[in-house]
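What follows is a set of notes on a single structure, which appears directly below.
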Amino acid sequence: SSLFNNRHFVNQMSASSQLFENKEYKGDYNAYVDAMYDTSILANQANFDKFIKKPTVKAIEKDIATQYSRAKFDKYTNLAEQMGKLPEELALLHKTYIRGLGEMKLPVPSYPDANFTIRLTYGNVKPYSPKDGVYYKYYTTTDGILEKENPEDREFVVPAKLKELIEKKDFGRYALPNGEMPVCFLSTNDITGGNSGSPVLNENGELIGCAFDGNWESLSGDINFDNNLQRCINLDIRYVLFILEKLGGCGHLINEMTIVE
């Protein structure tokens with residue numbers, strides 16, 4: 001059913017393959033897609049209810065959307081067969097490429113790539129400047145939460161209780177010496193899809209935050225990592241503890257922890 005969540009996607013897929021050349025539509029892919037949305041069992045509730053009253057395998061096989069799905073799968077299988085052992089050859093070349101990168105960076109050691117490996121990366125808490133006149137310091141505070149507040153956007157809604165705590169600067173023992181409450185910090189650690197939630201430890205093995213994102217300049221990190229521009233965005237553990245204690249009222253959890261100040 002997700003097929004019908006994006007008409008543009010279906011249209012693009014249709015226009016890109018000979019599989020959808022149908023005599024009835026005479027190569028008109030727009031007509032083909034329109035017919036799919038109008039007539040398929042999966043197109044709307046009315047069509048689905050009509051099918052449910054008298055469901056048959058034949059009706060499913062004749063359905064334009066299921067035909068589309070099977071055609072895609074057949075094409076995928078055909079392409080996979082044509083590729084044959086190419087992935088294996090590519091894997092060998094990739095192995096040579098990675099070995100070359102490691103030798104090029106010597107004597108600095110290289111940790112494994114972030115994709116498909118369980119590993120530990122290392123880095124430093126550090127600001128950066130992506131271009132002339134632009135400078136991002138290494139941490140943010142709760143001031144930014146209020147600056148970005150937007151009741152019309154669910155991603156920027158600030159709960160009333162949290163807003164009150166911030167405005168009163170009721171941060172308890174988690175605030176910085178100057179009274180600010182840290183929220184996030186930047187580091188030169190590598191990060192890629194699937195790393196979100198990874199613990200960030202200091203040199204003593206103490207938890208100082210959780211990695212959850214990368215800056216704009218880190219999008220190319222899977223190809224080439226630039227220590228000058230790429231940053232991992234981490235949630236400060238002090239903010240986590242503040243939320244647990246002050247907003248969540250989970251003092252019992254705080255009491256179970258060994259907190260190093």
Side-chain angles (χ1 to χ4, degrees), residues 111 114 118-131 133-219 221 225 227-261:
Y111 50 75
I118 300 177
R119 55 71 184 266
L120 177 70
T121 73
Y122 51 86
N124 303 102
V125 175
K126 195 175 181 180
Y128 80 103
S129 178
K131 54 187 175 181
V134 178
Y135 175 80
Y136 294 108
K137 58 182 190 178
Y138 66 89
Y139 73 98
T140 60
T141 70
T142 48
D143 291 343
I145 293 177
L146 299 186
E147 290 171 0
K148 298 179 180 69
E149 181 183 14
N150 182 359
E152 304 301 320
D153 187 335
R154 66 182 182 84
E155 293 188 2
F156 295 95
V157 171
V158 180
K161 185 176 180 181
L162 176 59
K163 187 172 184 178
E164 180 183 358
L165 290 169
I166 295 174
E167 290 177 336
K168 290 183 177 180
K169 295 189 179 298
D170 185 7
F171 305 129
R173 55 175 167 164
Y174 308 113
L176 298 171
N178 63 1
E180 293 181 329
M181 181 68 230
V183 177
C184 294
F185 64 91
L186 298 174
S187 70
T188 59
N189 296 79
D190 197 0
I191 187 169
T192 192
N195 289 165
S196 295
S198 297
V200 182
L201 312 175
N202 64 14
E203 62 181 0
N204 298 318
E206 298 159 344
L207 181 66
I208 62 172
C210 296
F212 73 91
D213 206 348
N215 63 339
W216 176 259
E217 291 76 16
S218 70
L219 291 178
F225 188 89
N227 189 66
N228 294 318
L229 293 177
Q230 296 182 208
R231 295 291 181 269
C232 177
I233 306 174
N234 312 280
L235 182 63
D236 196 301
I237 198 62
R238 289 169 292 190
Y239 185 71
V240 176
L241 295 173
F242 156 70
I243 292 295
L244 281 173
E245 182 175 336
K246 293 289 186 175
L247 184 63
C250 300
H252 57 291
L253 294 178
I254 300 295
N255 293 334
E256 294 177 6
M257 303 179 193
T258 300
I259 299 175
V260 179
E261 299 189 40

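Nothing here was measured: the structure is a model prediction, and the numbers come from that model.
The shortest side-chain heavy-atom distance between Leu207 and Val200 does not fall under the 4.5 Å cut-off. You'll find the side chain of Ile254 reaches within 4.5 Å of the side chain of Glu245, heavy atoms only. Contact check for Asp170 versus Lys246: side-chain heavy atoms found under the 4.5 Å cut-off. The closest side-chain heavy-atom distance from Asn215 to Leu229 is not below 4.5 Å. Proximity of Pro130 to Tyr136: side-chain heavy atoms (C-beta onward) are separated by under 4.5 Å at one or more points.
Here the CD1-OG distance, from Ile233 to Ser196, works out to 10.0 Å after rounding to the nearest 0.5 Å. Considering CD1 of Ile145 and CD1 of Ile166, their distance stands at 4.0 Å, rounded to 0.5 Å. Residue Ser198 holds its OG atom at 6.5 Å from CD1 of Ile191, rounded to the nearest 0.5 Å. How far OG of Ser218 is from CG of Asp190: 8.5 Å, rounded to the nearest 0.5 Å. Rounding to the nearest 0.5 Å places CG of Leu247 at 5.5 Å from NZ of Lys161. Taking CG from Asp213 and CG from Asn234, the interatomic distance works out to 10.0 Å, rounded to the nearest 0.5 Å.
Smallest separation of non-hydrogen atoms from Gly123 and Asn189: N-ND2, 3.6 Å. Closest approach of Lys163 and Leu146 over heavy atoms only: CG-CD2, 3.9 Å. Considering all non-hydrogen atoms of both residues, Arg231 and Thr188 come closest at NH1-CG2, 3.6 Å. The two residues Thr142 and Val183 make their nearest non-hydrogen contact at N-CG2, 3.5 Å. Considering every non-hydrogen atom in both Val134 and Ser129, the closest pair reads O-OG, 2.5 Å. Closest approach of Glu180 and Tyr139 over heavy atoms only: OE1-OH, 3.2 Å.
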Problem - Stepwise side-chain contact (heavy atoms from CB on, under 4.5 Å) test for Val158 and Glu164 - result: CA-CA 10 Å; Val158 180; Glu164 180 183 358; over 6 Å; no
Problem - Derivation of the side-chain contact (heavy atoms from CB on, under 4.5 Å) call for Leu176 and Arg238 - result: CA-CA 9 Å; Leu176 298 171; Arg238 289 169 292 190; 3.4 Å; yes
Practice task
May I have the step-by-step check of side-chain hydrogen bond (donor to acceptor under 3.5 Å, both in side chains) for Tyr128 and Gln230, ending in yes or no?
Solution key: CA-CA 8 Å; Tyr128 80 103; Gln230 296 182 208; over 6 Å; no
Exercise for the section: Give the intermediate values and the outcome of side-chain contact (heavy atoms from CB on, under 4.5 Å) for residues Met181 and Leu165. Expected result: CA-CA 11 Å; Met181 181 68 230; Leu165 290 169; over 6 Å; no
Practice task
Begin from the C-alpha positions of Glu149 and Phe156 and carry the test side-chain contact (heavy atoms from CB on, under 4.5 Å) through to its verdict.
Solution key: CA-CA 5 Å; Glu149 181 183 14; Phe156 295 95; 5.9 Å; no
Practice task
Show the numbers, then the answer: is there a side-chain hydrogen bond (donor to acceptor under 3.5 Å, both in side chains) between Glu152 and Asn150?
Solution key: CA-CA 5 Å; Glu152 304 301 320; Asn150 182 359; over 6 Å; no
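Formation of a donor-acceptor pair under 3.5 Å by the Asp153 side chain with backbone atoms of Glu155 is found in this model. Put simply, the side chain of Thr140 gets close to the backbone of Cys184: a donor and an acceptor are under 3.5 Å apart.
The cationic group of Lys169 does not satisfy the cation-pi geometry with Phe171, failing either the under 6.0 Å distance to the six-membered ring centre or the 45° limit from the ring axis.
Aromatic ring centres of Tyr138 and Phe185: separated by at least 6.0 Å.
The residues Glu261 and Arg173 are annotated as salt-bridged, a charged nitrogen and a carboxylate oxygen being separated by less than 4.0 angstrom.
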